[in-house]
Amino acid sequence: MNTPLLDSIKGPEDVKRLREEQVTALCGEIRRFLVDSVLRTGGHLASNLGAVELTVALHRVLHSPQDKIVFDVGHQCYTHKLLTGRKAGFSRLRQKDGISGFPNPRESEHDVFVAGHGNTALSLAIGMAWAKKLKQEPGWVVAVIGDGAFTGGMVYEGMNNIASLDNLMVILNDNGMSISKNVGAMARYLTHLRASPGYFRANRHLSGALSRVPLVGEPLHRFFSRIKTIVRRAMYNSTMFENMGFQYLGPLDGHKVLELEQILRNITVRSGPLFLHVVTTKGKGYLPAEENPGEFHGVSAGSKGFVPDPEVSAPASFSTVFGKALCEAAAADRKLCAVTAAMKYGTGLQFFGHAFRERFFDVGMAEQHAVTFAAGLASQGMTPVVAIYSTFLQRAYDQIIHDVCLLGVKVIFAIDRAGLVPADGETHQGVYDPAFLSEAGVPIYSPSNYDELRYWLVRLTGPEHTGPQAIRYPRGGEAKALAQYGCTGRAYDFLTGSEAADTVLAGYGGEVEDLLAAGRLLEAGGIRCRVCKLVKIFPFTDEFLHEIEQFKTVLFAEECVEAGSIGQLLAARLARDGWRGVFLHRAVDRAKLTHATVPELKEILGLDAESLAAAVRKAAERNEKESTR
């Protein structure tokens with residue numbers, strides 16, 4: 001691809017040296033590069049196409065890294081990465097040993113914070129702005145926030161604490177939700193007028209002159225100020241932002257790069273806090289993404305030429321099976337409701353939303369509210385199913401404990417993207433929920449195939465189960481090796497091996513596929529073993545504990561953080577019961593995981609079949625040596 005201007009950019013200073021006519025051309029090159037590159041490697045496309053001109057304008061005016069740019073969410077940072085010298089890294093975007101799909105300070109001095117979850121940028125920016133003031137450092141802190149973040153509460157908590165930060169700027173990248181109702185020529189004219197140095201000088205001089213007029217000067221000043229405020233609010237409908245303490249400017253066309261640049265130059269000579277409202281088109285410049293921005297939010301590798309239907313989830317996935325099964329259950333139970341947090345399509349709930357509109361609730365990027373709202377529904381006899389990705393559910397941990405568990409209300413947590421997740425790295429792993437839910441006493445089920453998901457979802461929503469329940473399942477589709485076992489309806493199953501074996505390999509979810517492969521390797525080497533698949537992973541049934549205690553060696557493997565995991569709970573319970581065998585535990589032993597495929601992550605963590613088999617062999621050799629002493 002021919003991108004001479006983009007190829008010349010090694011850092012932000014190169015962007016500043018471009019002539020005006022080259023700036024527009026650069027934006028075109030960036031957009032073509034992103035479409036071509038991201039459709040090949042996979043990544044977040046639509047949001048980045050919408051933020052090209054805004055990011056270019058920011059780097060033309062600001063001085064990174066002295067000026068800090070905080071993205072919320074980091075999905076929209078690809079142009080920023082290109083302008084800070086990382087074009088070559090896009091060939092391995094979100095792949096092992098490649099660049100991250102989010103800002104990452106370990107990757108570049110121009111990335112000021114990890115930003116994988118939404119709703120955080122303003123709080124971060126306020127903290128950074130205060131740090132600059134305390135250290136007497138110059139420079140702006142700019143938070144670039146998508147309109148989706150304004151559906152979550154943390155933004156408003158931050159706005160309530162901006163004080164009088166004169167080095168803070170918030171830029172609303174509005175690509176979907178209308179905040180200002182009146183978008184027109186007069187509003188744009190007044191915005192440009194108010195943003196010009198001439199306006200600020202005239203306003204300051206008029207205020208000073210009126211204040212010096214004896215007797216009538218101050219009343220006149222107050223009168224004109226009130227008139228100005230009334231007119232401005234009528235045009236901008238910006239009362240909320242101004243009442244929070246911001247100087248509000250907007251809405252502006254986010255795709256007119258030179259106008260954006262001029263506005264930024266004008267307002268950065270002022271003191272903050274500033275609020276700049278920029279309207280952009282998600283997926284700008286790539287028609288399929290413009291028409292279906294939700295589906296092109298994230299694309300898989302090799303997606304070129306594929307135009308998905310935004311109303312249909314991937315046909316072969318746990319998410320789709322869950323969504324359709326929930327519809328079937330809701331048809332028979334009018335008390336059943338579905339709640340999600342801006343994840344309608346990702347969780348497969350589009351089917352429920354169409355069929356049972358009055359019982360479907362998408363609360364936006366507000367996981368805490370979703371859980372407490374569901375608790376309120378449950379307290380009045382409804383049966384809410386809260387469908388949220390594992391990585392985002394952890395944001396509502398306090399609500400799970402305080403609002404659901406303490407009262408014991410029946411809320412079913414449907415936890416999508418559970419376990420290891422590829423590409424997005426350390427910010428999106430679903431490896432915490434078994435540990436924190438078990439600590440809260442929530443029963444947890446982890447089906448490893450579609451049949452088990454359908455069966456247990458119906459059971460958990462039915463009358464025989466009371467109180468909070470959780471059912472978790474991985475991203476993508478079922479493995480053929482696990483689909484063949486169907487569903488027995490039991491809390492656990494022994495899948496392979498003879499009853500004479502004295503070693504058992506146990507686990508749950510997608511990790512069972514690796515345990516089966518490890519079992520074959522061990523059997524081929526003369527070590528007899530059985531493979532046990534748990535479906536109800538917490539609490540343990542007495543029957544399961546009794547059977548496990550018959551083995552001399554237990555290897556428990558799971559895609560969960562090691563501390564507080566199901567394996568640790570099992571080891572503690574076995575020890576308490578007096579079992580004296582060898583317990584081997586393999587889990588996620590580090591908080592920071594690189595962006596890689598799931599098989600690559602398992603190899604790194606020792607959760608792949610060969611590593612599991614090697615751990616058992618090593619233990620067997622050690623036991624043999626000790627027995628011959």
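What's counted below: heavy atoms across the whole structure, side chains too, no hydrogens, waters or symmetry copies.
- In this structure, the side chain of Gln76 engages the main chain of Asp72 through a donor-acceptor pair within 3.5 Å.
- Counting non-hydrogen atoms of other residues, nucleotides and ligands closer than 6.0 Å to CD of Glu107 gives a total above 12.
- Between Leu260 and Val61, the closest side-chain pair of non-hydrogen atoms is not below 4.5 Å.
- The distance from atom CZ of Arg17 to atom OG of Ser8, rounded to the nearest 0.5 Å, is 9.0 Å.
- Looking only at side-chain heavy atoms (C-beta outward), Thr84 and His59 come within less than 4.5 Å of each other.
- Side-chain N or O atoms of Gln429 include one that pairs as donor or acceptor with a backbone N or O of Val421 at under 3.5 Å.
- In this structure, His80 and His110 have perpendicular ring planes: the angle between them is above 60°, well past the 30° mark.
- Contact record, Ala374 with Pro384: O-CG, 3.2 Å, taken as the closest heavy-atom pair.
- One N or O on the side chain of Arg31 and one on the backbone of Leu49 form a donor-acceptor pair closer than 3.5 Å.
- By the 30° and 60° cut-offs, the orientation of the rings of Phe556 relative to Tyr508 is tilted.
- Considering every non-hydrogen atom in both Ala435 and Ala563, the closest pair reads CB-O, 3.9 Å.
- When all heavy atoms of Val561 and Ser565 are compared, the pair lying nearest together is O-CB, 3.0 Å.
- Between Val363 and Ala366, the shortest heavy-atom distance links the atoms CG2-O, 3.6 Å.
- Using a distance-only test at 3.5 Å, with no hydrogens or angles considered, no donor-acceptor pair links the side chain of Tyr455 to the main chain of Cys487.
- With hydrogens and angles disregarded, no donor-acceptor distance shorter than 3.5 Å links the side chain of Ser123 to the backbone of Gly158.
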- Given the rule in the side-chain contact (heavy atoms from CB on, under 4.5 Å) test, do Ile388 and Val339 qualify, once you have shown the distances and angles that lead to the verdict? CA-CA 9 Å; Ile388 296 177; Val339 181; over 6 Å; no
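- In this structure, Leu516 and Tyr485 have side chains that are in contact, with non-hydrogen atoms separated by less than 4.5 Å.
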- Message: Show, in sequence, the C-alpha distance, side-chain angles and deciding distance for Arg40 and Ser91, and conclude whether the side chain to side chain donor-acceptor pair (under 3.5 Å) test is met.
- Response: CA-CA 9 Å; Arg40 280 188 286 105; Ser91 63; over 6 Å; no
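- Glu513 places no side-chain N or O within donor-acceptor distance of the main-chain N or O of Gly510, the cut-off being under 3.5 Å.
- Although no hydrogens or angles enter the test, the distance criterion places no donor-acceptor pair under 3.5 Å between the side chain of Asn175 and the main chain of Thr280.
- Note that CD of Glu600 and OG1 of Thr594 are 9.0 Å apart. Values are rounded to the nearest 0.5 Å.
- Side-chain contact between Gln399 and Glu367 is absent, with no heavy-atom pair separated by less than 4.5 Å.
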- Item | Candidate pair Glu603 and Lys96, rule salt bridge (Lys or Arg N to Asp or Glu O under 4.0 Å), full reasoning | CA-CA 12 Å; Glu603 186 176 351; Lys96 185 180 178 183; 5.8 Å; no
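- Below 30°, between 30° and 60°, or above 60°: for Tyr78 and Phe90 the angle between ring planes is above 60°, a perpendicular geometry.
- Ile9 places none of its side-chain heavy atoms less than 4.5 Å from the side chain of Lys87.
- Ile99 and Gly89 get closest at one heavy-atom pair: CG1-O, 3.5 Å.
- Atom CG of residue Leu593 and atom OG1 of residue Thr427 lie 10.5 Å apart, to the nearest 0.5 angstrom.
- No donor-acceptor pair under 3.5 Å is formed between the side chain of Lys16 and the backbone N or O of His63.
- Salt-bridge formation is detected for the pair Arg60/Glu261: a Lys NZ or Arg NE/NH1/NH2 atom is positioned less than 4.0 Å from an Asp or Glu carboxylate oxygen.
- Aromatic ring pairs are classed by plane angle as parallel below 30°, tilted from 30° to 60° and perpendicular above 60°; the pair Phe360 and Phe352 is tilted.
- Exactly one of Glu511, Glu610, Arg586 qualifies for a side-chain contact (heavy atoms from CB on, under 4.5 Å) with Lys602. That residue is Glu511.
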- Task: Decide side-chain contact (heavy atoms from CB on, under 4.5 Å) for Met365 and Phe150; before the verdict, give the C-alpha distance in whole Å, the side-chain angles of both, and the deciding distance to 0.1 Å.
- Result: CA-CA 8 Å; Met365 197 183 293; Phe150 280 80; over 6 Å; no
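- One N or O on the side chain of Glu559 and one on the backbone of Leu420 form a donor-acceptor pair closer than 3.5 Å.
- Contact check for Ser438 versus Ile444: side-chain heavy atoms found under the 4.5 Å cut-off.
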- Before giving the answer on side-chain contact (heavy atoms from CB on, under 4.5 Å), spell out for Leu82 and Leu6 the whole-Å C-alpha distance, their side-chain angles and the decisive distance to 0.1 Å. CA-CA 8 Å; Leu82 288 171; Leu6 180 57; 4.1 Å; yes
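- Note that the NZ atom of Lys256 and the SG atom of Cys27 stand 14.0 Å from one another [nearest 0.5 Å].
- Checking each of Val170, Leu172, Leu264 against Leu276 for a side-chain contact (heavy atoms from CB on, under 4.5 Å) leaves exactly one that passes, namely Leu264.
- Ion pairing between a basic and an acidic side chain is recognised when a charged N comes within 4.0 Å of a carboxylate O; Arg454 and Glu328 show no such pairing.
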- Message: Using the rule given for side-chain contact (heavy atoms from CB on, under 4.5 Å), can you reason through Glu558 versus His585, listing the C-alpha separation, both sets of side-chain angles and the distance that settles it, and then say yes or no?
- Response: CA-CA 8 Å; Glu558 57 185 324; His585 186 213; 2.8 Å; yes
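- Side chains of Thr347 and Tyr389 form a contact here, defined as non-hydrogen atoms less than 4.5 Å apart.
- For the pair Leu534 and Ala506, the tightest heavy-atom approach, listed with the atom from each and the gap, is CD1-CB, 4.3 Å.
- Looking only at side-chain heavy atoms (C-beta outward), Ile30 and Leu83 come within less than 4.5 Å of each other.
- The closest donor-acceptor contact from the side chain of Lys344 to the backbone of Ala341 lies at 3.5 Å or more, if one exists at all.
- Donor-acceptor pairing under 3.5 Å is lacking for the side chains of Ser108 and Asp111.
- Atom CG in Asp174 sits 12.0 Å away from atom CD1 in Ile145 (nearest 0.5 Å).
- Considering CD1 of Ile415 and CZ of Phe318, their distance stands at 14.0 Å, rounded to 0.5 Å.
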